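Heads up, the thing below is written out as structure tokens.
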Amino acid sequence: MTQDSLGVRVVPVLVPMPAEAPYSYQVPPGMQVVPGSIVRVPLGPREVAGIVWDGEGGSVDARKLRPISEVFDCPPVTERMRRFVEWVAGYTLAAPGMVARMILRVPTAFDPEPDIDGLVLTNRHPDRMTPARTRVLSIVEEHGGDLAWTRSGLAHAAGVSMTVVDGLAAQGVFEKVQIPTRPVVAEPDPDYAAPTLSDGQAEAAEALRLRITDDAFSVSLIDGVTGSGKTEVYFEAIAAALKEGRQVLVLVPEIALTQAFLDRFHDRFGAKPAEWHSDLAPRMRERVWRQVAEGRVRVVAGARSALFLPFKELGLIVVDEEHDPAYKQEDRVFYNARDMAVVQGQLGGFPVVLASATPSVESRVNATSGRYGLVSLPARYAEAALPSIRAVDMRRAPPARGNFLSPVLIDAMRESVESGEQALLFLNRRGYAPLTLCRVCGHRFQCPQCSSWLVEHRFRGQLICHHCGHHEPKPDACPECGTLDHLVACGPGVERIAEEVDAAFPDARTIVLSSDMLGGTKRLRLELEAIAKGEADIVIGTQLVAKGHNFPNMTMVGVVDGDLGLANGDPRAAERTFQLLSQVTGRAGRTGKASRGLIQTYQPDHPVMRALVSGNSDAFYAQEIAERRRGHLPPFGRLAAIIVSGETKAEAETHARALRRAAPESDLIDILGPAEAPLALIAGRHRFRLLIQGERKADIQTYIRTLLATGPKSRGSLRVQVDIDPQSFL
DNA sequence: AGCACGCCGACT
DNA sequence: GTCGGCGTGCTC
């Protein structure tokens, strides 16, 4: 804290804009501020919320200084949160103000919720009774007599107008009291419904409980297949943290929390967790934020932005489905919420639990190297038998000409449908066909803006670019040679599979689920409910069927193209495919009935397929890890360079190919979205980067020189930052 | 990031 | 004659 020339106190304030450092503001005489105080300050033509920061304000022209307008009546941002903001800003190379903005993005939560005016019965009697007055008084008596009521609530309950209640209050029959605001959720009870755990689960739960009572920073990875009871196990860690009087954050990847998760939590703790995600109604958002800050909310389940809630006494973060790419934020401030959760744990000195049936390779490495604790759960045999998974070798059982479903798949579907059960077909491709070409001249329909193929959506009669959203009506004639009616669809999308299914099963009830479905989220939810109720026999879906929804009668899952995504040049291709297909095939087999997953593939010997079929992923992970030890990805060794390469992933891939050609033995490389490593010195325009790592800086410099000499000179997009270790916080 | 100012094209 | 596009520049 400093004083300006007139002796007025000046403090640094972090304002929500991309400045390098806090701005300085005067503290008007008589105003009390401490580091962490949330204040309203003038900023240019407007007023914004900012956070009083630590240390000295920078030197500014005294004439620029303006006074703080107001200190909000709100708990100050904790020391831990302030260090967290600085850490995230340093790591992601974002402006600290922009990180602070993520805490402050709750427009009106900084003022306390006003108490509600209530009425409570006195022992005075009304001058005379009327039927309406009798009703009011008997309603109050029925509820015990000493409860506080709101005017409108009481009038409504008694079925009378508010004037009746006002009349009684005027005679002193009621007196005014202040009702404190209602908590957004009831307090969870750690002893509400202690579960019966299997031996394996009990052992795992005990290991996590010990971490909690250690009261120190640690990271534990719970690795257990679908149905092994990970959730029950980390619930015990939550219970232990609650008993220690700490708050708990459960991070979940999806925007909307699945009802299933909330129900399970309620069953265990007798109350729901507070929810936090971007779709939350503004009023609820404020109340949750406020009550989290006050420590009234004990457990929050939320999307990645919940990491920036101002917890008063956070004592545990659980990251569910830790491998999920939805944890990456790739705009403004680029971060991976899973990693930042670990950072919070370290700064706050409390445990972090990562859970996944298919952990990310980096978490597996951290667990096997001992940096993270590993809690493995054996499969549970009893109620949730795993589906038997089989690879369908497409070379040996090919589909009929012009079709995409192998007879093996069709037979399995028929068996399920005929026995009154449901079948799910998974294909991660929207629309009818991913490529359209002219049979006469070979013209391929390409997006005019981003040069990817246009995907035919036959239902809508459009050709659509899935990259940028560009769309045009599908013409009858080739734009190149003008020939009519010779355009041909290449490859399958879900719409095309639906066509094939309709032909093979004309009587079955079929539903197609994809994110571009007409009718939006509401319709989707209805369809999911309908499916759960058994109102469909065959479901054909894209990625969104992989998530959380349970279909109790789904006994067969067919993956139409298991190889899709294995060969797209992404260094995480195998990992992602394994994770996605595990999840999809896991949709079957939660019923206790015998169930199966069939994966169509041309590479039945691929490590991913072997892992899926055997149910043992150790060899697969070992291979992935070995591959990366050969130099493909952090988190091994020190990340030595980030080469920024352009606006699109395609551009980054071009650079990567060039470098691979030029230096085939090099310690390459990954193409990463901005969340995965600090975004160097770079204006926000470059969104994808190559990472190069090596043992010695000299190696890196060689690679960079090679790339600069041979790589495409696309828009001068190569920039370099050296010497950042993304794991150095551990 | 947000917001104002500012300078050029089609319309109440 | 005005409304409105987004380029540039500034905010303690």
Side-chain angles (χ1 to χ4, degrees), chain A residues 1-72 76-77 81-82 84-86 88-110 278 282 285 289 304-305 307-310 328-335 340 449 468-469 647 673-675 678-687 715-716:
Chain A
M1 311 277 169
T2 56
Q3 314 242 302
D4 73 6
S5 52
L6 295 169
V8 181
R9 194 154 77 104
V10 173
V11 293
V13 176
L14 212 46
V15 285
M17 54 165 272
E20 281 308 309
Y23 277 8
S24 300
Y25 284 87
Q26 297 171 334
V27 184
M31 182 184 275
Q32 296 298 317
V33 296
V34 297
S37 294
I38 299 181
V39 292
R40 190 157 52 85
V41 290
L43 183 67
R46 67 210 159 109
E47 294 212 306
V48 296
I51 305 171
V52 175
W53 218 243
D54 317 71
E56 306 282 308
S59 57
V60 245
D61 185 343
R63 282 169 305 182
K64 280 188 167 182
L65 287 175
R66 298 166 80 183
I68 294 172
S69 310
E70 180 191 3
V71 189
F72 289 105
V77 174
M81 262 332 250
R82 299 202 300 278
F84 182 57
V85 167
E86 284 172 345
V88 172
Y91 182 65
T92 64
L93 295 161
M98 293 305 289
V99 182
R101 184 172 164 273
M102 299 198 284
I103 297 177
L104 297 171
R105 248 185 324 189
V106 194
T108 56
F110 313 131
S278 53
R285 223 180 150 69
W289 192 95
R304 57 173 187 255
S305 58
L307 211 49
F308 293 92
L309 283 169
K328 291 191 290 182
Q329 171 153 94
E330 307 217 348
D331 59 271
R332 296 185 177 92
V333 179
F334 311 111
Y335 68 94
M340 296 310 110
Q449 288 159 44
C468 67
E647 175 75 9
L679 176 60
L681 321 168
I682 293 141
R685 244 188 272 130
H686 306 292
R687 297 199 295 116
R715 296 187 246 156

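In what follows, every chain begins at residue 1, and chains take the letters A, B, ... in the order their sequences are listed. Source: prediction; values computed, not measured.
When side chains are defined from C-beta on, A:Met340 does not count as touching A:Gln329, because their heavy atoms never get closer than 4.5 Å. Taking 4.5 Å as the limit, every side-chain heavy atom of A:Val85 sits out of range of all side-chain heavy atoms of A:Phe308. Here the side chains of A:Val27 and A:Val52 are not in contact, with every heavy-atom distance at 4.5 Å or above.
Residue pairs meeting the side-chain hydrogen bond (donor to acceptor under 3.5 Å, both in side chains) criterion with at least one member in residues 12-22 of chain A: none, sequence neighbours excluded.
Checked against ring pair (Phe, Tyr, Trp, His ring centres under 6.0 Å), A:Tyr23 has no partners two or more places apart in sequence or in another chain. The ring pair (Phe, Tyr, Trp, His ring centres under 6.0 Å) test applied to A:Phe110 returns A:Phe72, A:Trp289, not counting sequence neighbours.
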Please write out the pairs of protein N or O atoms and N or O atoms of nucleotides 6-8 of chain C separated by less than 3.5 Å, giving the distance to one decimal.
none

Short heteroatom pairs, N/O only, protein and nucleotides 9-12 of chain C, under 3.5 Å:
from, atom 1, to, atom 2, distance (Å)
C:dT11, O3', A:Gly44, N, 2.9
C:dC12, OP1, A:Pro42, O, 3.1
C:dC12, OP2, A:Arg66, NH1, 2.7
C:dC12, O3', A:Ser24, O, 2.7
C:dC12, O3', A:Arg66, N, 3.0
C:dC12, O2, A:Ser24, N, 2.7

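Rounded to an integer number of Å, the gap from CD of A:Glu47 to P of B:dG2 is 17 Å. Regarding A:Leu104, its CG atom lies at a distance of 13 Å from the C1' atom of B:dA1, rounded to whole Å.
For A:Arg304 (side chain) and A:Lys328 (main-chain N/O), a donor-acceptor pair under 3.5 Å exists by modelled atom type.
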Tabulate below the donor-acceptor pairs under 3.5 Å that side-chain atoms of residues 32-50 of chain A make, not counting sequence neighbours, or state none.
from, atom 1, to, atom 2, distance (Å)
A:Ser37, OG, A:Val34, N, 2.9
A:Ser37, OG, A:Val34, O, 2.9
A:Arg40, NE, A:Glu70, OE1, 2.7
A:Arg40, NH1, A:Glu47, OE1, 2.2
A:Arg40, NH2, A:Glu70, OE1, 2.9
A:Glu47, OE2, A:Ser69, OG, 2.6

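No contact: A:Pro16 has no heavy atom under 4.0 Å from any strand.
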